[in-house]
Amino acid sequence: MAGESPVSYQSRASALDSMAEGSVDVLVIGGGITGAGIARDAALRGFRTALVDKSDFGAGTSSHSSRLIHGGIRYLEQGALHLVFEASRERRVLLRIAPHLVRPLAFLFPIYKGGRVPGWKLRAGMWLYDILSSFRNVKRHRWLRAKNVRREEPALRDKGLVGAALYYDAQVDDARLVIATMRAAARAGALVANYAEITSLLKPDGRVRGAVVRDVLTGQTVMIRANVVVNATGPWSDEVRRLDDPQGALLLRPTKGAHAAVPRRRIANEHAVTLFSPIDGRVMFVLPWGDLSYIGTTDTDADSSPDSPGVTAADVTYLLRSANAAFPDAHLTAKDVVSVWAGLRPLLRQNKQTNPSGVSREHQVIESPHGLITIAGGKLTTYRVMARDVVDRVAKRLRELDGRPVAGRPPTDRLPLPGGEAAELQILIEAARARGASDVTAQHLIAYYGSEAAAVLNLVERERALGAPMVRGRPEIWAEVVYAVEREMAMRVQDVMIRRLHLFYETRDQARDVVAAVAARMKQLLGWDDVREAEELRDYFGLVQQAQAFRRNSKA
């Protein structure tokens with residue numbers, strides 16, 4: 001295809017071939033946000049870089065987060081001032097380099113008589129929050145008296161209300177941030193491939209020098225030789241480390257964060273709301289997301305495989321009861337839940353007696369005796385710093401290997417991610433309208449693709465039928481399915497429905513009625529046979545059943 005994107009269904013096969021043909025400087029295992037950030041940073045330093053993931057890009061924790069880019073107001077209680085300072089700085093960076101995906105969001109933090117945190121303490125914390133952001137947050141915080149809180153958030157619990165802090169953080173489309181970062185890595189020269197699983201590490205001289213990779217979609221196996229191998233697999237980090245040292249000590253203490261989305265009109269929240277759960281006193285959120293509000297998050301030690309963290313009926317009960325306490329007229333039950341999701345935080349193992357919420361969100365770069373570099377801990381907001389620290393270590397190792405100069409750090413804090421080149425989003429929305437997109441579709445396209453929305457509309461000009469809505473009453477159009485395959489390496493139906501377009505999470509029935517048509521379009525684009533098409537449909541509907549299983553047992 002003329003003008004082929006470096007992240008496409010076509011580039012995937014050629015990337016795997018190129019990885020196998022010659023050695024690379026650095027092989028990154030893991031295609032979540034941290035791995036994507038590492039690949040981008042390494043490629044921009046001029047290193048020959050390869051990245052593989054056993055599933056889709058961002059299919060793990062990176063697309064199951066609370067969708068926040070935030071300084072971490074609750075980390076102030078833990079005394080993690082460095083983390084808050086670092087995260088506040090990174091919030092500014094991401095608002096600048098990806099303005100279409102990272103958007104300012106106003107939060108209300110109400111305080112009640114007899115609550116866990118008194119008003120004076122929250123006020124002091126808010127001033128500290130502003131100081132740690134160098135007074136360069138979206139806006140400075142304000143303190144609202146009870147009557148003003150009632151005006152701003154009329155559905156919020158009124159009994160015992162003292163006042164509230166109004167402060168600012170940012171919300172992010174987490175899955176699409178991964179895709180944008182991965183595309184930026186590919187533009188810089190990185191070879192990237194999803195559905196490519198590491199089966200073993202190459203250690204010809206006792207040092208980790210590459211990996212054996214199986215193409216999950218074809219079953220073919222290739223060997224990738226690399227000077228340095230980086231383990232950026234998040235909750236799977238210990239599994240990869242065991243390929244290096246089967247007797248190695250565990251590094252992680254993963255905790256589960258579950259979320260539930262409900263129709264926003266049921267809660268009637270006007271802002272994002274930070275609250276203390278009446279069940280266990282931990283900080284949680286009720287967050288707006290279009291016509292939905294999502295409630296999160298739990299923080300419990302993970303008791304399942306990273307491949308299937310799952311949301312239980314107990315998780316849903318906890319979330320809904322906490323939201324009902326804050327919004328007493330909501331009366332939410334499991335029947336109100338549109339969708340649920342859970343991700344595992346790859347936190348560093350510390351004192352087992354520590355409450356899960358108290359486990360540090362700091363990151364650490366660890367190098368094994370055999371040379372495998374692992375990045376563990378951290379949080380979505382600070383992924384760019386985590387990537388930088390890893391590639392600094394890679395640069396030193398490459399210098400030790402062949403004497404090359406240590407490459408300088410690239411300006412990843414100033415280079416826009418794809419789609420983020422234009423900060424004036426309203427101009428882009430008007431341009432999309434001028435090309436025939438409805439108002440809601442124009443806004444949707446800019447929110448998903450930024451300045452690259454024009455490429456989606458180019459597909460509509462090529463085939464007018466692609467401009468039709470996928471689901472009645474929603475803004476997504478069929479051109480986005482084609483774009484996901486041709487420009488974003490969507491290889492499976494679930495890649496499109498869950499991570500590229502989010503229809504799985506934003507419609508009560510997980511958009512069941514359009515799945516067959518999506519599969520048919522992808523069959524045409526990717527050359528599937530009837531058996532593969534049927535497998536894709538079977539697997540997607542299996543995920544739908546899992547997503548709805550909690551309703552059978554929830555007591556909320």
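Between the side chain of Ser368 and the backbone N or O of His370, at least one donor-acceptor pair lies under 3.5 Å. No donor-acceptor pair under 3.5 Å is formed between the side chain of Asp169 and the backbone N or O of His70. The backbone N or O of Thr312 sits less than 3.5 Å from a side-chain atom of Asp315, completing a donor-acceptor pair. A donor-acceptor pair under 3.5 Å is absent between the side-chain atoms of Ser63 and the main chain of Ala175, judged by distance alone. The backbone N or O of Gly378 lies less than 3.5 Å from no partner atom in the side chain of Thr382, so there is not a single donor-acceptor pair. Checking side-chain atoms of Arg48 against main-chain N and O of Ser23 turns up a donor-acceptor pair under 3.5 Å. Looking only at distances, a side-chain donor or acceptor of Asn324 sits under 3.5 Å from a matching main-chain atom of Leu332. Counting only distance, with no hydrogens or angles, the side chain of Ser308 and the backbone of Gly310 share no donor-acceptor pair below 3.5 Å. Formation of a donor-acceptor pair under 3.5 Å by the Thr49 side chain with backbone atoms of Phe47 is found in this model. Side-chain N or O atoms of Asp539 include none that pairs as donor or acceptor with a backbone N or O of Glu536 at under 3.5 Å.
For the pair Ser18/Leu191, a side-chain contact is recorded, criterion being any heavy-atom separation below 4.5 Å from C-beta on. In this structure the side chain of Glu86 reaches within 4.5 angstrom of the side chain of Val385, judged on heavy atoms. Put simply, the side chain of Val213 does not reach to within 4.5 Å of the side chain of Thr221, judged on heavy atoms. Between Gln510 and Val515, every side-chain heavy-atom pair lies at or beyond the 4.5 Å cut-off. In this structure, the side chains of Ile69 and Glu90 stay at 4.5 Å or more apart for every pair of heavy atoms. Side-chain contact between Arg67 and Asp174 is present, with heavy atoms from C-beta onward closer than 4.5 Å. Within the 4.5 Å cutoff, no side-chain heavy atoms of Val28 are placed close to those of Asn231. In this structure, the side chains of Leu275 and Val286 come closer than 4.5 Å at one or more pairs of heavy atoms.
Nearest heavy-atom pair across Ala20 and Arg225 is O-NH2, 4.0 Å. Here the closest heavy-atom approach between residue Ser14 and residue Ser11 is recorded as OG-O, 2.9 Å. The two residues Leu344 and Pro306 have their closest heavy-atom pair at CD1-CA, 3.6 Å. Here the shortest heavy-atom pairing between Leu68 and Thr381 reads O-OG1, 3.7 Å. Taking both residues in full, the closest heavy atoms of Ile279 and Ser322 are given as CD1-OG, 3.8 Å, listed atom of the first, atom of the second, then distance. What you find for Leu105 and Ala272 is that their closest heavy atoms are CD2-CB, 3.7 Å.
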| query | Can His64 and Thr61 be said to form a side-chain contact (heavy atoms from CB on, under 4.5 Å), step by step? | reply | CA-CA 5 Å; His64 293 82; Thr61 300; 5.6 Å; no
| Residues Trp341, His259; criterion ring pair (Phe, Tyr, Trp, His ring centres under 6.0 Å); working and verdict | CA-CA 5 Å; Trp341 65 91; His259 306 78; 5.3 Å; yes
| request: Apply side chain to side chain donor-acceptor pair (under 3.5 Å) to the pair Arg40 and Thr181, showing each step before the final yes or no. | output: CA-CA 7 Å; Arg40 177 189 182 224; Thr181 306; over 6 Å; no
| message | Evaluate Lys203 against Asp245 for salt bridge (Lys or Arg N to Asp or Glu O under 4.0 Å), listing each step before the verdict. | response | CA-CA 11 Å; Lys203 300 168 71 172; Asp245 179 6; over 6 Å; no
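Side-chain contact, Tyr167 with Thr274: a donor N or O sits under 3.5 Å from an acceptor N or O. No hydrogens or angles considered: a donor-acceptor pair under 3.5 Å links the side chains of Asp56 and Asn194.
Using a cutoff of 4.0 Å between basic side-chain nitrogens and carboxylate oxygens, Arg207 and Asp244 are not scored as salt-bridged. No salt bridge links Arg500 with Glu480; every basic N to acidic carboxylate O contact stays at or beyond 4.0 Å. A salt bridge links Asp238 with Arg241: at least one charged nitrogen is closer than 4.0 Å to a carboxylate oxygen. We find that Asp301 and Arg253 are joined by a salt bridge, their nearest charged nitrogen and carboxylate oxygen being less than 4.0 Å apart. Using a cutoff of 4.0 Å between basic side-chain nitrogens and carboxylate oxygens, Asp299 and Arg345 are scored as salt-bridged. The pair Arg397-Glu400 meets the salt-bridge criterion, with a side-chain N (NZ, NE, NH1 or NH2) lying under 4.0 Å from an Asp/Glu carboxylate O. Electrostatic pairing of Asp392 and Arg409 counts as a salt bridge here, judged by a charged N lying under 4.0 Å from a carboxylate O. Using a 4.0 Å cut-off between a side-chain N of Lys or Arg and a carboxylate O of Asp or Glu, Glu77 and Arg116 qualify as a salt bridge. With salt bridges taken as basic N to acidic carboxylate O contacts below 4.0 Å, one links Asp205 and Arg209.
Taking the six-membered ring where tryptophan is involved, the planes of Tyr448 and His502 are tilted, since the angle between them lies from 30° to 60°.
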Please tabulate, for side-chain N and O atoms in residues 92-102, each donor-acceptor pair with protein atoms closer than 3.5 Å (sequence neighbours left out).
from  : atom 1 : to     : atom 2 : distance (Å)
Arg92 : NH1    : Ser133 : O      : 3.0
Arg96 : NH2    : Asp413 : O      : 2.9

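At least one cation-pi condition fails for Arg74 and Phe107: the charged atom is not both under 6.0 angstrom from the six-membered ring centre and inside a 45 degree cone around its axis. In this structure, Arg264 forms no cation-pi arrangement with Trp289, as its terminal cationic atom is not both closer than 6.0 Å to the ring centre and no more than 45° off the ring axis. Judged by the 6.0 Å distance and 45° axis criteria, Arg12 is not positioned over the aromatic ring of Tyr195.
For the atom pair CG of Leu177 and OG of Ser65, the computed distance is 9.5 Å after rounding to the nearest 0.5 Å. Atom CZ of Arg45 and atom CG of Leu398 lie 10.5 Å apart (nearest 0.5 Å). The distance from the CD1 atom of Ile498 to the CD atom of Glu506 is 12.5 Å, given to the nearest 0.5 Å. To the nearest 0.5 Å, atoms CD1 (Ile224) and CG (Leu16) are separated by 6.5 Å. Of the inter-residue distances, the one linking Glu488 atom CD with Tyr449 atom OH reads 5.5 Å to the nearest 0.5 angstrom. Note that CG of Asp280 is 8.5 Å distant from CE of Met284, once rounded to the nearest 0.5 Å.
Taking the six-membered ring for Trp and the full ring otherwise, Phe504 and Tyr540 have centroids separated by under 6.0 Å. The aromatic ring centres of Phe109 and Phe276 sit less than 6.0 Å apart.
The salt bridge (charged side-chain N to carboxylate O under 4.0 Å, His left out) pairs that include a residue from residues 187-202 are Arg187-Glu421, Arg187-Glu452, Glu197-Arg214, where partners are two or more places apart or lie in different chains.
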